[in-house]
**Q** 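One structure follows; several queries about it will come next.
Note that the coordinates shown come from a computational prediction; the quantities given were computed from them, not determined experimentally. Just so you know, ligand 1 is whichever comes first in the structure, and atom 1 is the first atom listed for that ligand. Residue numbers run from 1 in the order of the sequence given. Just so it is clear, the values below take in all heavy atoms, side chains as well, and ignore hydrogens, waters and symmetry mates.
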Amino acid sequence: MIDTLEDTLKRAEKLVFLTGAGISQESGISTFRGNGGLWQKYDPMKLASAQAFRDDPRLVWRWYNDRRRKILAAKPNLGHMAIANLQDHRQVSVVTQNIDGLHHRAESREVTELHGNIFTTKCTKCNFRGKIRDEFFDLPPSCEKCGSYLRPDVVWFGEGINREVWNQAVMHSISCDVMIIVGTSLAVSPANKLHSYAKNNKATLVEINPENTPFSYKIDFSIKKTAVDALPRLISIFESLSK
Ligand code: BV8
Ligand code: ZN
């Protein structure tokens with residue numbers, strides 16, 4: 001007897017949400033590969049890489065300024081909030097590829113930011129790390145310790161993910177009953193490997209995405225809806241249980 005999604009969710013104790021740019025799309029933040037996505041205006045390898053920053057720090061810094069401005073003006077949407085509300089009913093962790101911090105602002109407590117956070121900076125030379133909010137200089141700021149350029153403390157293409165961060169993401173993926181993959185094209189590695197870790201540990205995979213992804217064939221329950229359409233409805237299953 002094949003379990004329905006509802007039965008599977010009712011039985012789940014630990015859920016992991018693997019999220020990408022699509023979950024922030026309904027907060028007004030462009031995705032990377034969807035229509036009108038950020039990358040369509042720019043070549044991702046051109047802007048989100050250490051080489052691009054070395055070649056043209058001003059261009060890359062201004063691109064991040066532009067994104068930070070939009071993120072500060074945005075709010076978590078009903079998808080982010082639904083995931084945060086589920087924490088009252090189940091053990092929930094979020095593993096996100098996003099650097100916008102919206103899961104934190106929605107008050108999700110267990111959030112692993114695979115690719116870092118746009119509101120943090122690090123020195124291009126020494127080990128200085130800083131925070132940035134609504135300062136929008138035209139050039140990258142200088143490190144207060146050594147005077148070199150600061151850069152966004154995010155993972156650029158060709159850069160490794162922080163070891164502890166990756167281990168935490170794997171630990172969540174191999175110990176969950178259900179992994180809900182929301183708003184990601186699963187185009188970027190190694191983030192697009194985590195669902196296999198979950199599957200290899202007998203987790204049920206749910207995908208919430210209006211489009212197919214290269215891994216949709218491996219998904220147990222594919223919900224072709226947007227995050228804001230699907231997540232509140234999914235979480236209401238748990239709320240009805242605890243009444
Ligand atoms: C690494 C942070 C090794 C910065 C990001 C060939 C050449 C060079 C490199 C490679 C190559 N092939 C593979 C690689 C490796 C590369 C990679 O995967 N490249 C891809 C492009 C092929 N990966 C790396 O370089 C990684 N590092 O491998 O290092 C190493 C190891 C050890 C030591 C040294 C080196 C690092 C990758 C991290 C790059 N940084 N972001 C920043 O954000 O500025 S990636 C960037 O893409 C974002 O984080 C974004 O989240 C991520 C993935 O994109 P998605 O989130 O999936 O977004 P996308 O637009 O693609 O999809 C949106 C989806 O949502 C769509 O499916 C759409 O249908 C859906 N959607 C839209 N609206 C909604 C929705 N869903 C629901 N509701 C909606 N409303
Ligand atoms: Zn420095």
**Q** Tell me which one of A48, G183, S27 gets a heavy atom nearest to atom 65 (O) of ligand 1.
**A** G183

**Q** Could you verify whether a donor N or O on one side chain and an acceptor N or O on the other, from T19 and T96, lie under 3.5 Å apart?
**A** yes

**Q** Using a 4.0 Å cutoff against the non-hydrogen atoms of G20, which atoms of ligand 1 qualify?
**A** 56 (O)

**Q** Can you name the salt bridge (Lys or Arg N to Asp or Glu O under 4.0 Å) partners of R62, sequence neighbours left out?
**A** D138

**Q** Taking ring-ring contact (aromatic ring centres under 6.0 Å, His included) as the cut-off, I'd like each qualifying pair that reaches into residues 165-214, sequence neighbours left out, listed once.
**A** H195-F215

**Q** For atom 44 (O) of ligand 1, which candidate among K224, R67, Q97 holds the nearest heavy atom?
**A** R67

**Q** On a heavy-atom basis, I'd like to know which of P210, A187, S216, A21 is closest to atom 20 (C) of ligand 1.
**A** A187

**Q** With side chain to side chain contact (heavy atoms under 4.5 Å, CB included) as the test, would you mind laying out the steps for K224 and N212 before giving the verdict?
**A** CA-CA 8 Å; K224 290 277 175 294; N212 264 333; 3.1 Å; yes

**Q** Taking atom 31 (C) of ligand 1 as the point of reference, which of G79, A191, P214, G160 owns the nearest heavy atom?
**A** G160

**Q** Quick one: does V188 get a heavy atom under 4.0 Å from ligand 1?
**A** yes

**Q** Applying ring-ring contact (aromatic ring centres under 6.0 Å, His included), can you list everything that pairs with F53, at least two apart in sequence or on another chain?
**A** W156

**Q** What protein N/O/S atoms sit under 2.8 Å from the Zn ion (ligand 2), by chain and number?
**A** C123 SG, C126 SG, C143 SG, C146 SG

**Q** Mind checking whether K225 has an N or O less than 3.5 Å away from an N or O of ligand 1?
**A** no

**Q** Provide the number and element of each atom of ligand 1 under 4.0 Å from a heavy atom of E26.
**A** 78 (N), 79 (C), 80 (N)

**Q** My understanding is that we take every heavy atom of each candidate and find the minimum distance to atom 68 (C) of ligand 1. Doing that for N212, N209, D229, which one comes out nearest?
**A** N209

